[in-house]
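Let me begin by presenting the structure, written as structure tokens, before commenting on it.
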Number of protein chains: 2
Amino acid sequence: MAGSEHPPFAVTVDLVILTVRSGRFAALVVERGEDPFHGRLALPGGFVRPDEDLPDAALRELREETGLSPSLGHLEQLASYGAPGRDPRQRVVSVAYLGLVPDLPEPVAGSDAASSRFVPVDDLLRDAGSLAFDHGRILADGVERARAKLEYTSLATAFCPDEFTVGELRAVYEAVWGVELDPRNFHRKVTGTPGFLEPTVGTTTRGGGRPAQLYRRGPTTALMPPLLRP
Amino acid sequence: MAGSEHPPFAVTVDLVILTVRSGRFAALVVERGEDPFHGRLALPGGFVRPDEDLPDAALRELREETGLSPSLGHLEQLASYGAPGRDPRQRVVSVAYLGLVPDLPEPVAGSDAASSRFVPVDDLLRDAGSLAFDHGRILADGVERARAKLEYTSLATAFCPDEFTVGELRAVYEAVWGVELDPRNFHRKVTGTPGFLEPTVGTTTRGGGRPAQLYRRGPTTALMPPLLRP
DNA sequence: CACTTTTATCGTCTCTTCGACGATAAGGGG
DNA sequence: CCCCTTATCGTCGAAGAGACGATAAAAGTG
């Protein structure tokens with residue numbers, strides 16, 4: 001409001017990058033190479049540049065830390081965290097972004113953090129303090145947001161490759177929610193929601209059993225009615 | 001990430017304070033008394049102090065601008081906005097908060113902004129640019145969040161006084177969503193959801209017609225199944 | 001006071017959707 | 001060929017939602 005001088009703040013972006021990897025819901029973390037929290041795990045992130053928009057900073061950090069572009073997947077703002085003392089060095093307000101990416105060969109370690117890797121969220125959240133700063137809370141918020149959005153959006157497909165089967169999509173839901181879903185009811189629901197899945201010409205038999213129809217993401221983003229957690 | 005010097009940022013909070021006032025969904029705005037945007041309407045807000053947490057800054061601004069404490073009502077973080085150039089004076093990252101308050105006698109004009117008042121959101125959103133800075137977008141985001149949360153939470157009661165009738169609650173939904181709801185189905189839904197409403201001893205006849213049972217907020221926060229917009 | 005208007009509250013009917021689960025289809029491995 | 005695995009289709013019963021009729025209880029009006 002006032003035109004007076006403002007206090008000094010640093011602004012960073014932190015990234016909650018989630019994927020499903022061999023049946024486990026996992027988040028991307030880096031090992032810190034300096035104090036504070038030297039050697040501890042942390043979310044990837046970094047300072048916003050003077051003339052950079054917040055989503056651009058998030059995309060840049062994602063690219064730097066993982067070599068990923070979220071063209072595959074999804075990136076959205078999660079929340080901001082600015083408690084005094086959350087960074088012992090200075091006052092930092094961090095804008096967290098939530099990204100969902102398909103299972104990748106390897107999180108191609110970029111320049112910033114050669115030590116980046118995916119770790120199951122259960123392990124990271126088991127005890128608060130396994131992550132540096134307040135990253136445990138940020139991760140928990142991101143995980144809950146992702147779990148909630150699977151219910152009423154088609155975002156689960158962001159965890160899948162370009163083409164996928166209903167069974168693979170179900171495995172995403174089961175890993176993210178940590179539950180088992182009835183294959184028959186799940187199949188009815190996702191194939192019966194117009195615009196959720198678009199069948200392709202191919203079928204596949206990866207995974208054994210009867211060959212399954214391959215699908216691609218459809219144009220629908222909102223699931224109405226939703227697919228509720230049991 | 002790096003310990004190098006950070007660029008200069010200012011951090012502010014902006015408030016989207018919503019209420020339902022004589023049947024209209026309205027937001028609190030102030031008239032700016034200085035450049036830029038002198039004389040234009042804007043959301044209340046201000047700079048975060050050096051040792052102040054973000055929610056504390058939001059509560060302080062709310063109190064300063066309206067004399068309100070959100071003990072009645074609800075306050076949650078909405079999103080952050082930090083595009084370069086959104087404030088022509090300097091680089092500002094603003095953390096927006098969403099507040100829901102019951103209808104008040106008058107938005108007791110505080111010290112900062114004697115000109116604060118509630119204006120129907122339709123009027124404010126009709127043309128982008130009716131609000132200063134990017135406050136039109138922030139308001140739109142807050143309005144959409146409020147509309148969505150009425151579906152699957154009991155937050156509509158935050159717009160009501162301590163005791164209220166089912167009809168008054170329905171009027172909240174109708175004003176926020178801009179639709180008409182069937183009084184019978186609505187009554188069945190809200191009284192049939194355990195923990196949503198707790199009956200009190202009294203009844204009232206304000207508004208004419210048959211006297212109505214008075215209710216208080218119940219402990220339930222999540223509406224399951226939700227009350228969907230028509 | 002009889003009558004109309006207004007709002008509240010209770011019920012009924014139908015349709016959709018969901019969860020549980022049976023049945024069949026179509027691959028691979030022995 | 002038999003078995004195991006996964007995919008896909010169907011059926012049944014219960015729950016919830018929208019449409020809407022019916023009754024209740026006040027205030028206003030002649």
Side-chain angles (χ1 to χ4, degrees), chain A residues 22-23 150-152 154 160 163-175 177 179-216 220 222-230, chain B residues 22-23 150-154 156 160 163-175 177 179-216 220 222-230:
Chain A
S22 44
L150 288 211
E151 292 192 313
Y152 55 94
S154 60
C160 294
E163 295 196 338
F164 53 90
T165 69
V166 173
E168 289 162 355
L169 183 63
R170 178 165 48 84
V172 165
Y173 276 90
E174 292 180 331
W177 287 346
V179 299
E180 294 213 333
L181 300 175
D182 184 287
R184 298 154 299 187
N185 293 336
F186 184 85
H187 189 279
R188 179 183 55 192
K189 175 69 179 176
V190 298
T191 58
T193 301
F196 189 4
L197 300 182
E198 309 221 303
T200 71
V201 288
T203 64
T204 187
T205 180
R206 59 169 173 261
R210 170 175 165 182
Q213 177 68 234
L214 281 172
Y215 294 89
R216 211 183 295 277
T220 295
L223 257 45
M224 195 63 153
L227 207 170
L228 296 170
R229 279 176 270 194
Chain B
S22 43
L150 289 212
E151 291 193 315
Y152 55 94
T153 72
S154 61
C160 295
E163 295 196 338
F164 53 91
T165 69
V166 173
E168 289 161 355
L169 183 63
R170 179 166 47 85
V172 165
Y173 276 90
E174 293 180 331
W177 286 346
V179 298
E180 294 213 332
L181 300 176
D182 184 286
R184 297 153 300 185
N185 293 337
F186 183 85
H187 189 278
R188 178 182 57 193
K189 174 70 180 177
V190 297
T191 59
T193 301
F196 189 6
L197 299 182
E198 309 220 303
T200 71
V201 288
T203 63
T204 187
T205 179
R206 59 171 172 259
R210 172 176 165 182
Q213 178 67 235
L214 281 172
Y215 294 90
R216 211 183 295 276
T220 295
L223 257 44
M224 194 64 155
L227 207 171
L228 296 170
R229 278 176 271 194

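Values reported hereafter were calculated over all heavy atoms of this structure, with side chains retained and with hydrogens, waters and symmetry mates removed. Everything numeric here is computed off the predicted structure, so don't read it as measured data.
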If you only use heavy atoms from C-beta on, which nucleotide in [options] is closest to the side chain of [X]?
X	options	result
A:N185	C:dA20, C:dT17, D:dA25	C:dA20
B:R210	C:dA8, C:dG19, C:dG11	C:dA8
B:P183	C:dT9, D:dT8, D:dC20	C:dT9

Just how far, in rounded Å, is [atom2] of [N] from [atom1] of [X]?
X	N	atom1	atom2	result
B:Y152	D:dA17	OH	P	17 Å
B:F186	C:dC10	CZ	C1'	17 Å
A:E168	D:dT6	CD	C1'	12 Å
B:L228	D:dG16	CG	C1'	11 Å
A:E180	D:dT6	CD	P	11 Å
B:F164	C:dA8	CZ	C1'	16 Å
B:Q213	D:dA26	CD	P	13 Å
A:L223	C:dC18	CG	C1'	14 Å

Original post:
Can you name the closest pair of heavy atoms from B:F186 and B:L181 and give their distance?
Top reply: CD1-CD1, 3.9 Å

Original post:
Between B:V190, B:L197, B:L223, which is the residue that forms a side-chain contact (heavy atoms from CB on, under 4.5 Å) with B:S154?
Top reply: B:L223

Subject >> Nearest-nucleotide 5' precedence on DNA chain D, A:A212 against B:M224 >> reply: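 Its nucleotide being nearer the 5' end, the pick is A:A212.
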
Original post:
Does the base of D:dG10 carry an N or O that pairs as donor and acceptor with the side chain of A:R184 under 3.5 Å?
Top reply: no

Original post:
With a 3.5 Å cut-off and just heavy-atom distances, do the side chain of B:R188 and the base of D:dG16 make a donor-acceptor pair?
Top reply: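 In this structure, the two groups form no donor-acceptor pair.
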
**OP:** Identify whether any heavy atom of B:R206 sits under 4.0 Å from a base atom; if not, whether one sits that close to sugar-phosphate; answer base, sugar-phosphate or nothing.
**Re:**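 Touches nothing.
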
Subject >> Phosphate-side-chain proximity, A:K189 and C:dC18, N/O vs OP1/OP2 below 4.0 Å >> reply: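 Yes, within the criterion.
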
Original post:
Is the distance from OP1 or OP2 of C:dT9 to the nearest side-chain N or O of B:H187 less than 4.0 Å?
Top reply: yes

**OP:** Determine whether A:T204 and A:E163 make a side-chain contact, defined as any pair of heavy atoms from C-beta on separated by less than 4.5 Å.
**Re:**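 Counting from C-beta outward, A:T204 and A:E163 never come under 4.5 Å.
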
**OP:** Report yes or no: does A:T220 contribute a side-chain atom to a donor-acceptor pair with the main-chain N or O of A:P194 at less than 3.5 Å?
**Re:** yes

Original post:
If only atom types and distance count, is the side chain of B:Y173 paired as donor or acceptor with the main-chain N or O of B:L150 below 3.5 Å?
Top reply: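 Present.
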
